[in-house]
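Below you'll find the structure, written out as structure tokens, and then a few comments.
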Amino acid sequence: MTHWLILPIVLPAMLAAFMVLSARYHLLIQRALSVAGTLGLLMLAVGLFWQASDGTVSLYQLGNWAAPFGIVLVADRLSTLMVLLTCVLAVPVLLYAIGSGWDNRGRHFHPLFQFQLMGILGAFLTGDAFNLFVFFEVLLIASYGLMIHAGGQRRLRAGTQYVLYNLLGSTLFLFALGTIYAETGTLNMADLAMRVATLDAGDGAGIRVAAVLLLLVFAVKAAILPLHFWLPASYAEAPAPVAALFAIMTKVGAYCIIRFYTLVFPPDLEITQGLFDVWLMPAALLTVTLGMAGVLGAKRADRMVAFSVIGSMGMLLAAVSVFTPSGISAALYYAIHSTFAAAALFMLIDVIRSRRGVADVAFVDAPPMAGGALVAGMFFVAAIAMTGLPPLSGFVGKLLILDAARSADLMWWVWATILGGSLIAVVGFSRAGSQIFWKAHQRAETPAEDAAAAPVAPEGQGVLAMVSVGSLLALLVALTVAAGPVTRVLEATSAQLFNPERYLSIVLTTPGKEITDDHAEDTHGEADGSGYATDGQGADAAAAPEKDH
């Protein structure tokens with residue numbers, strides 16, 4: 001699988017460029033290429049995840065330049081898990097966009113969708129901090145276009161707010177990278193981890209500043225209080241398939257926190273003690289509180305779901321902030337669950353909007369919708385999952401988080417906040433379901449209003465769109481049924497994160513071109529690009545590839 005690691009980045013980039021240059025006026029061709037490319041990405045993701053499942057860490061050196069001078073892509077259990085999650089989500093989201101006609105309401109939806117996937121997958125696979133910034137910009141530029149797809153004043157206003165907040169995050173990211181490079185002379189994550197570990201606590205003021213700046217950047221991406229302001233309007237006003245895909249965007253911020261603060265700035269690192277572990281937990285708990293209060297106070301269903309995303313990110317990061325293997329594995333399980341649940345809810349809200357016969361999804365009286373029983377059943381399942389009621393995966397994920405929090409100093413605060421927030425979410429979603437479905441049914445049964453309460457026929461919501469929503473709900477059920485095996489995989493993933501020696505040795509000792517005095521000598525006589533995969537049983541094992549598919 002030597003060159004497979006670069007394909008999740010190259011494939012969507014080439015597809016997007018081809019569609020813009022050669023198929024911009026042919027929607028059918030764009031749809032066919034986009035679906036084929038996304039399915040191809042899914043197969044690649046399954047292959048990479050399978051390779052990493054035995055602990056293998058795969059390395060790809062662009063141009064065959066050895067780290068830390070060259071750009072590297074690294075696939076371990078965590079990165080391949082997130083790549084697989086993204087590709088599994090992308091398939092039903094894309095099918096929904098086609099089935100509902102959203103891809104035909106503006107220009108260049110499919111190229112932007114592919115560029116978005118390129119940026120997200122690149123962020124998960126890169127082993128270099130500066131290229132993480134580059135992939136952030138790729139996914140953000142694509143998301144700007146997707147955010148305002150189909151136009152509209154409210155959407156444009158929310159998109160402007162989204163751009164401004166993320167530009168602020170990008171600026172902080174550049175400041176952090178500049179500080180790190182000035183202090184250590186490297187931006188390769190593995191090399192950075194080695195150099196930071198050797199710094200004296202008294203000489204690390206710059207590194208401490210950079211660590212805090214990075215956490216602020218990732219907090220913006222993850223929508224942690226008080227850096228969450230961009231999310232409610234952005235997600236509520238975005239086109240439904242775009243908001244569904246954005247469900248993975250906040251997970252990019254959580255992934256970066258997990259990656260950097262287990263590899264580069266681990267909890268036992270003296271130089272950064274107390275800079276993030278002290279206040280990340282309170283910030284996460286306040287995020288849960290704010291998100292669930294927003295669920296209860298929202299006056300529109302789309303904003304309710306957006307606030308539930310904020311609350312779910314608070315729960316996820318409460319588990320992360322424990323900084324133990326059990327906490328990380330619980331956070332990863334909840335990340336998978338909340339991604340599918342949020343995406344399903346955003347698409348369901350779009351279905352409701354198209355069938356209610358009112359201008360938006362405000363909690364006001366409206367005629368009953370055609371096919372309301374099916375939509376109500378789907379909403380009921382998705383709401384149970386998001387609020388964490390048994391028996392679905394949200395309940396399992398919250399149990400795992402509560403169990404992991406037993407080792408935290410703020411255990412009782414964690415338990416009280418999560419359980420109280422779940423109760424508030426139940427009330428909020430119950431109110432939404434009652435207003436949208438039950439009251440509409442009651443209104444239809446009132447004789448005086450029979451003529452005005454005729455069911456509204458669906459507009460633009462075909463079978464493919466409903467199947468896409470159903471597939472996400474089926475994934476939630478499968479995640480619940482397979483909770484045991486999935487949890488064991490995630491425990492192995494978190495164990496690998498807290499033992500990074502394999503990752504470090506493979507990245508830093510795999511042969512490739514090296515920088516010499518004349519900057520031209522190829523010490524190993526290799527060709528343009530190379531990929532390596534090894535089980536990393538030590539530095540000697542890392543020096544040569546063990547797997548070559």
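Values in this document were obtained by computation on a predicted structure and should not be read as measured data.
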- Criterion side chain to side chain contact (heavy atoms under 4.5 Å, CB included) on Leu41 and Val83, from CA distance to verdict: CA-CA 9 Å; Leu41 286 175; Val83 167; over 6 Å; no
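- If you take CD1 on Ile248 and CZ on Phe124, they are separated by 5.0 Å, rounding to the nearest 0.5 Å.
- Between Ala335 and Leu85 the shortest heavy-atom distance is O-CD2, 4.4 Å.
- Annotation for Leu84 and Ala45: closest pair CA-CB, 3.8 Å, computed over non-hydrogen atoms.
- Note that OG1 of Thr184 and CE of Met194 are 13.0 Å apart. Values are rounded to the nearest 0.5 Å.
- Ring-plane geometry between Phe218 and Phe173 is classed as perpendicular, the angle between the planes exceeding 60 degrees on a 0 to 90 degree scale with a lower cut at 30.
- In this structure, the side chain to side chain contact (heavy atoms under 4.5 Å, CB included) partners of Leu399, at least two apart in sequence or on a different chain, are Phe395.
- Between the side chain of Ser34 and the backbone N or O of Arg31, no donor-acceptor pair lies under 3.5 Å.
- Here the side chain of Lys221 pairs no donor or acceptor atom with the backbone of Val217 at under 3.5 angstrom.
- The shortest side-chain heavy-atom distance between Val88 and Phe340 falls under the 4.5 Å cut-off.
- Scanning all heavy atoms of the two residues, the minimum distance from Val264 to Ala193 falls at CA-CB, 4.0 Å.
- Note: Phe175 CZ to Leu213 CG = 8.5 Å, rounded to the nearest 0.5 Å.
- With values rounded to the nearest 0.5 angstrom, Leu508 atom CG is found 9.5 Å from Tyr503 atom OH.
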- Task: Start with the C-alpha distance between Glu183 and Arg195, add both sets of side-chain angles, then the distance that settles side chain to side chain contact (heavy atoms under 4.5 Å, CB included), and finish with yes or no.
- Result: CA-CA 10 Å; Glu183 292 291 322; Arg195 298 194 186 195; over 6 Å; no
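- Looking at Ile258 and Tyr261, their side chains never come closer than 4.5 Å, going by heavy atoms from C-beta outward.
- Between the side chain of Arg502 and the main chain of Gly55, a donor-acceptor pair closer than 3.5 Å is present.
- Using modelled atom types, one side-chain atom of Thr480 and one backbone atom of Ser393 make a donor-acceptor pair closer than 3.5 Å.
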- Test side chain to side chain contact (heavy atoms under 4.5 Å, CB included) on Asp76 and Ser79 and set out the steps. CA-CA 6 Å; Asp76 61 355; Ser79 58; 2.9 Å; yes
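- In this structure, the separation between CG on Leu167 and CG on Leu172 is 11.0 Å, given to the nearest 0.5 Å.
- Within a 6.0 Å radius of CE in Met411, more than 12 heavy atoms belonging to other residues, nucleotides or ligands are found.
- Remark: side-chain polar atoms of Ser494 are paired, donor with acceptor, to backbone N or O of Pro325 under 3.5 angstrom.
- Judged by distance alone, with hydrogens and angles left aside, the side-chain atoms of Thr417 form no donor-acceptor pair with the main-chain N or O of Val414 at under 3.5 Å.
- The main-chain N or O of Leu44 is never found under 3.5 Å from a side-chain atom of Trp4 such that the two would form a donor-acceptor pair.
- For the 3.5 Å distance criterion, the side chains of Asn131 and Thr126 fail to qualify, holding no donor opposite an acceptor.
- A donor-acceptor contact closer than 3.5 angstrom links the side chains of Thr38 and Gln114.
- A heavy-atom distance below 4.5 Å is found between the side chains of Phe113 and Val93.
- More than 12 heavy atoms of other residues, nucleotides or ligands lie within 6.0 Å of CZ in Phe498, so this atom counts as buried by the packing criterion.
- Within a 6.0 Å sphere centred on OH of Tyr144, heavy atoms belonging to other residues, nucleotides or ligands number more than 12.
- A side-chain donor-acceptor contact under 3.5 Å links Asp54 and Thr56.
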- Stepwise, does the ring pair (Phe, Tyr, Trp, His ring centres under 6.0 Å) test hold for Tyr334 with His337? CA-CA 5 Å; Tyr334 197 80; His337 148 77; 5.2 Å; yes
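- Looking at Trp230, its side chain does come within 3.5 Å of a backbone N or O of Val220 through a donor-acceptor pair.
- A 6.0 Å sphere centred on CG of Asp409 holds no more than 12 heavy atoms belonging to other residues, nucleotides or ligands.
- No donor-acceptor distance shorter than 3.5 angstrom exists from the side chain of Gln51 to the backbone of Ser58, with no hydrogens or angles considered.
- Contact between Val322 and Met281 at its shortest, heavy atoms only, is CG2-CE, 3.8 Å.
- Using cut-offs of 30° and 60° for the angle between ring planes, the Phe246 and Tyr235 rings count as tilted.
- At a threshold of 4.5 Å between non-hydrogen side-chain atoms, the residues Pro8 and Leu48 count as touching.
- Using a 4.5 Å heavy-atom threshold, the side chains of Leu490 and Leu81 count as touching.
- When side chains are defined from C-beta on, Leu121 counts as touching Cys87, because their heavy atoms get closer than 4.5 Å.
- Within the 4.5 Å cutoff, side-chain heavy atoms of Arg259 are placed close to those of Leu497.
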- Before giving the answer on side chain to side chain contact (heavy atoms under 4.5 Å, CB included), spell out for Val489 and Phe49 the whole-Å C-alpha distance, their side-chain angles and the decisive distance to 0.1 Å. CA-CA 11 Å; Val489 171; Phe49 180 77; 3.9 Å; yes
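- Leu215 places none of its side-chain heavy atoms less than 4.5 Å from the side chain of Phe265.
- Looking at every heavy atom in both residues, Met313 comes nearest to Ala254 through CE-CB, 4.0 Å.
- Side-chain contact, Thr510 with Gln61: no donor N or O sits under 3.5 Å from an acceptor N or O.
- If you check the side chains of Ser234 and Tyr165, you find no donor sitting under 3.5 Å from an acceptor.
- Taking each heavy atom of Tyr60 and Leu62 in turn, the nearest pair found is CD2-CD1, 3.6 Å.
- If you take CZ on Arg208 and OG1 on Thr272, they are separated by 9.0 Å, rounding to the nearest 0.5 Å.
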